[in-house]
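Read through the structure below, which is laid out as structure tokens, and then see the notes.
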Number of protein chains: 2
Amino acid sequence: MGSDPRQHLIASATALLADEGVEAVTLRRIAREAGVSHGAPLRHFAGRTELLSAVASTGFAELRRRGETSAGATAAERLRAACLAYLDFALGNPAMFELMFRHDLIDAHAPELAGTSDALFTGFCELVRGAQEEQGWRTGTDSRLLAASLWSALHGLAELWLWGELGRALKPDEIDAVLRVTLETYLR
Amino acid sequence: MGSDPRQHLIASATALLADEGVEAVTLRRIAREAGVSHGAPLRHFAGRTELLSAVASTGFAELRRRGETSAGATAAERLRAACLAYLDFALGNPAMFELMFRHDLIDAHAPELAGTSDALFTGFCELVRGAQEEQGWRTGTDSRLLAASLWSALHGLAELWLWGELGRALKPDEIDAVLRVTLETYLR
DNA sequence: CCGCGACGTAGACAGCGTCTACAACTCTTT
DNA sequence: AAAGAGTTGTAGACGCTGTCTACGTCGCGG
């Protein structure tokens, strides 16, 4: 294996995830992909859960990066851009997005994963608070609660859309319209 | 097996689901629970997916029942009650709720399941339309899009809460507060 | 030089979904 | 009444999975 076998395994798993979906990411497939024996990954990860948690953690880190670098002159515009980035990430990386919230496959309490996902939520809270302070937007409500509510709305939209539930009731191009309704509802 | 083996198996699976979670609901466990051999369920269902789809379908039916019978003098009150019922169902039956949206375990295109879940969305749309017409609430927006947006917000809140992501950032009793923020945001 | 820890391998085990061959039982048709 | 066909349950097999264990094989520090 390479110089950093742990990173090598995470990379193989990430590629497998993007190519063939969550189901395909088994320890044995990862090992085969990485060119090692079926038991080798267990030398670097306590089990499948720990490896998948590490993969999911990179997903949270990437999502946070996208949210933080979202451009905009005002805080409200940056918040709006971050919301769009969330949906963009989910629809563009459906398998990674699914893994990140499959609590049967990952361990939300793993230190690394808890760190990256908490950082994501904290960053989002700050975006919300910034928009609140900048222009007296919903100043009455706790920014943490408001951030949780808005995040939920975005998250639910991504999940229902990816699941296909909305897909039968709505036309494929109507997801943008629903997202616009959600943003209109919150950001005004 | 009983007079209606199909129903018997669904009942065993439902009990197993509530008792031990989604992971425990394997074909072989269901068979053991129902007191038959490990291959017997395949005489009544084409595979695990079909059996779990039937179980999930009962979940959608129950959820719809709760939403339709939600009391309220005005349409707006009935809509609000239905929203509360959605969260109540998710938090009270976490395993069933999880199964209902695990598209890797069930087949969303199975006729029975598609019927019950479509009926749920349609009913919710009508509740939204009713509230729109009754009191000129958000009359500019398509009721289907508005219903999808609101449903997403509720669904995301349930998922994130059950997943535990919000649980680390928020105190256990703050989910009610977030729900109130969401309802305030939409229903005004 | 030797031992020890890190790493990789191969085999085993139980559990899973699914398939197949076989037996029993019910119902229809002759 | 006898025979055949369809339905339902059983038992075993196959390949897949995660995980554990025993066994090697390096490299590096005492």
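Treat the numbers as computed from the prediction; the structure is a model and nothing was measured. Letters go in sequence order (proteins before strands), and every chain restarts at 1.
Look at CG on A:L42: it is 14 Å from C1' on C:dG11, rounded to the nearest Å. The CZ-C1' distance, from B:F45 to C:dG17, rounds to 15 Å in whole Å. Between A:E23 atom CD and C:dC16 atom C1' there is a gap of 14 Å when expressed in whole angstrom units. The separation between B:E50 atom CD and C:dG17 atom P is 15 Å, rounded to whole Å. In this entry the distance linking CG of B:L9 with P of D:dT8 reads 11 Å, nearest Å. Distance CZ (B:R6) to P (D:dT7): 14 Å, rounded to an integer number of Å. At whole-Å resolution of the value, CZ in B:R48 and P in C:dT18 are 8 Å apart. Distance CD (A:E20) to C1' (D:dC16): 15 Å, rounded to an integer number of Å.
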Tabulated below should be each protein N or O lying under 3.5 Å from an N or O of nucleotides 21-28 of chain D; please produce it.
from, atom 1, to, atom 2, distance (Å)
D:dA22, N6, A:R43, NH2, 3.1

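Applying the ring pair (Phe, Tyr, Trp, His ring centres under 6.0 Å) test to residues at least two apart or on different chains, the pairs with a partner in residues 58-78 of chain A are A:F60-A:F101. Applying the ring pair (Phe, Tyr, Trp, His ring centres under 6.0 Å) rule to pairs touching residues 165-188 of chain B yields A:Y186-B:Y186, sequence neighbours excluded. For residues 29-50 of chain B, no pair satisfies ring pair (Phe, Tyr, Trp, His ring centres under 6.0 Å), with sequence neighbours left out. Among residue pairs with one or both ends in residues 157-182 of chain A, those qualifying as side chain to side chain donor-acceptor pair (under 3.5 Å) are A:E165-A:R168, A:E165-B:S117, A:R168-B:S117, A:R168-B:D118, A:E174-B:R144, A:T182-B:S149; sequence neighbours excluded.
Look at A:T26 and you'll find a side-chain N or O under 4.0 angstrom from OP1 or OP2 of D:dT17. Checking the phosphate oxygens (OP1, OP2) of D:dT7, no side-chain nitrogen or oxygen of B:H44 falls inside 4.0 Å.
Residues B:D104 and B:R102 are paired through a salt bridge, judged by an N-O separation under 4.0 Å between the basic side chain and the carboxylate. The pair A:E184-A:R188 does not count as a salt bridge, with every side-chain nitrogen at least 4.0 angstrom from each carboxylate oxygen. In summary, B:E126 and B:R129 do not engage in a salt bridge, as defined by a charged side-chain N under 4.0 Å from a carboxylate O.
For A:H38 against C:dG11, a side-chain N or O and a base N or O form a donor-acceptor pair under 3.5 Å.
In this structure, B:T14 contributes its side chain and B:I10 its backbone to a donor-acceptor pair below 3.5 Å. Under a 3.5 Å cut-off, the side chain of A:S57 and the backbone N or O of A:S53 do not form any donor-acceptor pair.
The stretch residues 27-34 of chain B touches DNA chain C through B:L27, B:R28, B:R29, B:R32, each having a heavy atom within less than 4.0 Å of the strand.
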